[in-house]
Number of protein chains: 2
Amino acid sequence: MAQERARLRLVDVAEEAGVSIAAASRALSGSTGVSDVIAQRVREVAARMGYVADVHARTLAGGASTSIGLLVHEIGDPYFTEIASGVLRVAAEQGLTVQICHTGRDPDNELVQVRALIANRVRAILIAGSGFVDARTQSAVKKELQTFQATGGRVAVIGRHHLGADAVLPDNTAGGRSITEHVLSLGHRRIAFAVGLPALTTVADRLSGAGQALGEVGLCLDDVPVVEAAFTREGGRLAMQRILAEHPDVTAVIALNDDMAIGVLSALRARGIAVPEQMSVAGFDDVAVAEHLSPALTTVRLPMTEMGEQALSLALKPSSARPRRRPTGHTLVVRESTAPLRAPR
Amino acid sequence: MAQERARLRLVDVAEEAGVSIAAASRALSGSTGVSDVIAQRVREVAARMGYVADVHARTLAGGASTSIGLLVHEIGDPYFTEIASGVLRVAAEQGLTVQICHTGRDPDNELVQVRALIANRVRAILIAGSGFVDARTQSAVKKELQTFQATGGRVAVIGRHHLGADAVLPDNTAGGRSITEHVLSLGHRRIAFAVGLPALTTVADRLSGAGQALGEVGLCLDDVPVVEAAFTREGGRLAMQRILAEHPDVTAVIALNDDMAIGVLSALRARGIAVPEQMSVAGFDDVAVAEHLSPALTTVRLPMTEMGEQALSLALKPSSARPRRRPTGHTLVVRESTAPLRAPR
DNA sequence: TTGAAAGCGCTAACAG
DNA sequence: CTGTTAGCGCTTTCAA
């Protein structure tokens, strides 16, 4: 028979230890003003009884919240998964719990989720993933976040600006330039880009870097096919099919994230087109599977786990007068999916 | 200048609407006992002011908790990511928030995380991922969970038994049998297994199914190499290297999850061994990338997203006298990585 | 150092 | 149907 015992309360511990609940509280929450003897005894008793303080009561009474919120586009996307992994690591280390929400890539959803996080009185809100270039969709969120910060909440974002908060900024522009320069240096000129919604700042930034690289060889983005699709594996597959149909002379494809690149590879394999012999393919992010694909994917590595760790670290620091910016680096990772342009057939 | 305004409280809304806080509370929490007129008005005012109730105060006052906890081994593992995705979907639908924790595959960590979830007064705790065959490591967790349930908490587990809670049971044994039968039917007899820690019930169950299939052709597990390594990509790579070194006559490898299979494929590619021409490879789970690998991976599909959805649904139902069991199905997905045994060289 | 008592913001009895 | 009031379990003044 399960004991229908009520949950253990602080008063139970205090009684057992023979002290007041105030003393017990001080001992357990690690604040000053208790003799070491009592503190020690209370902690022992609590441990023995298996007492764990009610987070809601503690937070309501004015104690600092021990939970933080993480908002991502889609938890199934490896980019966000790796970021989440970094956040979880630091959180566990600090004894913080993490509420993860995802918008399912629906911008309207973002406001709902942010509100929920605020209602949960999280200590900090972390928002990962590109915002939309369209400022209008963002203004409500921004306002909500501003109020949150004004009342002591902390906010850090990964990969977006214009939110008036500390930010970890992935090296999208420079990375876009690097990967494009790499493909260009291999001799390719008929390059197609498989891109996600151009309203995403991530897409816009990476593309802008690509444009710079193109400029160095006297080309520009208008000269090459830029095919839009969902920022997912399926989107990559669709984009590649369109590239094949509409631009048969293309010799290299740069996908603006690895997920799309995986779809691109898939479509190519289905059509019997050899990579990199007949077509070079490059991605962006260096998600964990990228090196295990066949051919192993040439891509731009972003330190995603660290980005998650860093975002939480920023959010745990007291807020500064001006938002902090932590740019990340990037590394061009050349593997097997890109090769020099062959002599024309 | 950011207004250093205090957070909006229920009383602010009540005043603005010209009603008592009780009426306002009833209107906002959707309970009965308010006239439609007032309810309507209060809701309008609250919306206009941007009021959101404090979750901690609400929960402390006896309202049902709106958050649930999800504990996984490793959020970076696609198996858990897809489960999490299903949980998040249902949670969003129900207006619930989800606290995700991961143990980092450290069994001792499990207890810490469960305690934290309980302290957070989550409405339900979902535990995904195989427990350890060793009952001793589990007993503390089990006890904690028992108390949690006795005080009204709900628990559902995915892929483990013996925790005295509702369970979603992946078809591990039957799946292990199916995939092994498939490889056997292709003519392979020198089959190696790349497995995770055998203390994991998932590994034990899948292996047991494999044993059954082997029995059908007069073999048993002792007749074939079973190589242990971490249940990860890296583990798969290591296992494959050992198989190649110690059992050069093997013609097929069954990895007990897709992550390991990816590592197996990687190791094979590094050694220049063609799949499936020289070696057949099979996985388990059918994670999202499996179909995009080259060669596309033959595997056993488990409905992971649904498993997550179902676990939360179970946990949201009132508890029953005896723990419920929801077995999942499985589907053998034959793709390109397995092929008939070639005539001996 | 210690303890008594006043809330934190809300829900749920209880009166009206 | 409406409002008043007593807590929920904890932290934190405030006296002692």
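FYI, side chains are in, hydrogens and waters are out, and symmetry mates aren't considered; it's all heavy atoms of this structure. The sequence lines fix the lettering, A, B, ..., with proteins before strands; numbering per chain opens at 1.
Residue B:I83 holds its CD1 atom at 13.0 Å from CG of B:L88, rounded to the nearest 0.5 Å. How far NZ of B:K142 is from CD of B:Q149: 10.0 Å, rounded to the nearest 0.5 Å.
When side chains are defined from C-beta on, A:T147 does not count as touching A:I118, because their heavy atoms never get closer than 4.5 Å.
When the C1' atom of D:dT12 is taken as reference, atom CG of A:L28 falls 15 Å away, rounded to whole Å. Atom CZ in A:R7 sits roughly 14 Å away from atom C1' in D:dC10 (whole-Å rounding). Between A:R9 atom CZ and D:dC10 atom C1' the separation is 11 Å, expressed in whole Å. Atom CG in A:L60 sits about 9 Å away from atom C1' in D:dC8, given to the nearest Å. B:R58 places its CZ atom 18 Å from the P atom of D:dG9, with the value rounded to the nearest Å. D:dC8 atom P lies 15 Å from atom CG of A:L8, rounded to whole Å. Across the protein-nucleic acid pair, A:H56 atom NE2 and D:dC8 atom P stand 16 Å apart, rounded to whole Å.
Here chain B contacts DNA chain C (any atom closer than 4.0 Å to a heavy atom, that is under 4.0 Å), and the contacts span C:dG9 to C:dA13 from 5' to 3'.
Shown here are the side chain to side chain contact (heavy atoms under 4.5 Å, CB included) partners of A:L10, two or more places apart in sequence or in another chain: A:I21, A:A24, A:S25, A:L28, A:Y51.
Side-chain contact of A:T201 with A:S130: a donor-acceptor pair under 3.5 Å is present, judged by distance alone.
Between B:K317 and B:D166 no salt bridge is recorded (no basic side-chain N to carboxylate O distance below 4.0 Å). Comment: B:D54 does not engage B:R7 in a salt bridge, judged by the lack of any side-chain N to carboxylate O separation of less than 4.0 angstrom.
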Shorter than 3.5 Å, N or O on both sides, protein versus nucleotides 1-4 of chain D: list them out with atom names.
residue	atom	partner	partner atom	Å
D:dT2	OP1	B:S35	OG	3.3
D:dT2	OP2	B:S35	N	2.7
D:dT2	OP2	B:S35	OG	2.8
D:dG3	OP2	B:S20	N	3.1
D:dG3	OP2	B:S20	OG	3.3
D:dG3	N7	B:R26	NH2	2.6
D:dG3	O6	B:R26	NH1	3.2
D:dG3	O6	B:R26	NH2	3.2

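Side chain of B:R123 to main chain of B:R154: no donor-acceptor pair is present (N/O by atom type, distance under 3.5 Å, no hydrogens or angles).
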